[in-house]
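Every chain is numbered from 1 and lettered A, B, ... according to where its sequence line falls, protein lines coming before strand lines.
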Protein chains: 2
Amino acid sequence: MPDQHTTLRARRRAETQRVIQAHAVRLFTERGYDATTVTDVADAAGVSPMTVYRHFPTKEDLVLVDQHGRLVAERIAASSVAQPLVRRIGGALIASAAMLTRGDHGDDPAADERFLLARLRLMISTPALRAKHLDSQYALQRAIVDALEDDATDPDTAFHAQVAASACLAAMHTALVRWAEDDGRTELPDLIAKALTAAFGDDFTEPTGGVSTPRR
Amino acid sequence: MPDQHTTLRARRRAETQRVIQAHAVRLFTERGYDATTVTDVADAAGVSPMTVYRHFPTKEDLVLVDQHGRLVAERIAASSVAQPLVRRIGGALIASAAMLTRGDHGDDPAADERFLLARLRLMISTPALRAKHLDSQYALQRAIVDALEDDATDPDTAFHAQVAASACLAAMHTALVRWAEDDGRTELPDLIAKALTAAFGDDFTEPTGGVSTPRR
DNA sequence: GCCAATCTGGTAGTTACTATCACCAAGGTA
DNA sequence: TACCTTGGTGATAGTAACTACCAGATTGGC
């Protein structure tokens, strides 16, 4: 079996996924999420409802599926253990956001950002999407804690990591909402940095050498 | 019309709600949330499925409905505007948690806490419940910001309040999860205080010019 | 060209939820 | 007591998100 992702099958699979998701986000934006059935999406994409469910387990996944979690976890694992927790996590969140907004795969860089904004607006305004998105952020929180590699035998250390990760993600989420309300006019990484500074103040802005506390 | 809540109708209504929710949480815990249908709950409670939907708009509400949000918002509104944000919000969260765990309406005080624990365990382990619970926390975040009464004409001030509220709630949620994992053996208010301290350090523990707080 | 793996589509469910109807008890009024 | 409005309850029928389960078509390695 060729582990390359460039086999014809894999390329077709990725392409149909892209097409289905694009039509889904467009229809949801035009007619509303609840007013659009999965069958509508399937018809628009030129496939059967069954195929939609094959690629996206739930209707919500048509909007929520992305690579953000993977990006963040990789950045966390690559970050220096010497830095304070909020700085490690916050830095990874900012860097990942920069990658996402810059657009990853050529073509039209602005199109990627517009698509991201459209998805984000849906995630914020539609209760079902908002709920599942928040749950995926909760999953990301656990992934972050795992990626920190604290070898946390001490329950207090583990608790500290959980708190730091959840608070950082909450701050980022607030920045995301603000970014969407602003129609993406502000730079997202800057907004996230601002949110983290608002939450943690010096603990986030000042790196390791700071006068502030290297506390428990 | 008698605005008292003690009319026969209101009492019966509250009682049926209580009975339905109790049977629901019991069945969900015994058989699992997904494996239990709304009809099962209705049968156990001795009512029709329609009646269940009259009292609880969705299946998730059978577990999620509670008074926590109202408690927190009231405490926030009653807190001193002079205090820093995280302290106002954190204080309200701790005080509300104390009220919830102490049990509010007589009878068996430990029963209230056991019921709360059972609900919380379901909220954490069942994806659908977890997602909607997180979404209700997001709604609580906006309620908190409103209750702060900042008259935030300045968008930066509003942003700061959003960030503070979301980060505090994230810390509280981490404490809730820990509390459930611990089967409620630790005092919940203490856990929340610990989480807030872990997240914000001195910003939370040290009040405006005050000495350190009597924490554990 | 051949076989296994995969993609796709159709049918027939289950279940959460909604809309609409009629029935009956609660509670204030004559 | 008799009446009548209000609101809780229940049955029926319908929508839509899924979930097996089965059958045909296409790809990719031999």
Select one nucleotide: of D:dT9, C:dA16, D:dC22, the one nearest the side-chain heavy atoms of B:K59. C:dA16
Less than 6.0 angstrom from the centroid, inside 45 degrees of the normal: does A:K59 satisfy that with respect to the ring of A:Y33? yes
On the nucleotide C:dT6, are OP1 or OP2 found under 4.0 Å from the side-chain N or O atoms that A:R13 carries? no
Toward the 5' end of DNA chain D, which comes first, B:V47 or A:T36, by nearest nucleotide? B:V47
The side chain of A:M50 is closest to which nucleotide in this list: D:dT27, C:dT8, D:dC21? D:dC21
Mind checking the CZ-CZ spacing from B:R119 to B:R114? Nearest 0.5 Å is all I need. 15.0 Å
Which listed nucleotide (C:dC17, D:dC18, D:dT26) is nearest to the side chain of A:R12? D:dT26
Using whole Å, report how far NZ of B:K132 lies from P of C:dC17. 7 Å
Just call it for B:P49: base, sugar-phosphate, or nothing, with non-hydrogen atoms closer than 4.0 Å on any strand. nothing
If you assign each of A:G46 and B:E60 to its closest nucleotide in DNA chain C, which residue comes earlier from the 5' end? A:G46
If you check every side-chain atom of B:S48, which of C:dT8, D:dC18, D:dG10 has the closest atom? D:dG10
Over all strands shown, is B:T39 touching base, sugar-phosphate only, or nothing at heavy-atom distances under 4.0 angstrom? nothing
Any side-chain N or O of B:H55 less than 4.0 Å from the OP1 or OP2 oxygen of D:dG8? no
Side-chain donor/acceptor contact of B:R54 with base of D:dG10 under 3.5 Å: yes
CG of B:D43 versus P of C:dT15: gap in Å, rounded? 12 Å
Just by distance, no angles: are the side chains of A:D40 and A:T36 close enough, under 3.5 Å, to form a donor-acceptor pair? no
Could you please name the option among C:dA16, C:dT8, C:dC17 that lies closest to any side-chain atom of B:T37? C:dA16
Output, in order, the C-alpha distance, side-chain angles, deciding distance and verdict of salt bridge (charged side-chain N to carboxylate O under 4.0 Å, His left out) for B:R102 and B:E187. CA-CA 10 Å; B:R102 295 273 179 267; B:E187 288 294 312; 3.5 Å; yes
Within this structure, what is the CZ-to-C1' distance between B:F56 and C:dT15, rounded to whole angstrom? 19 Å
Spacing between A:F28 atom CZ and D:dA16 atom P, to the nearest angstrom: 13 Å
Quick one: do A:R18 and A:E15 make a salt bridge, cutoff under 4.0 Å? yes
If I take atom CG in residue A:D40 and atom P in nucleotide D:dT15, what distance separates them, rounded to the nearest angstrom? 14 Å
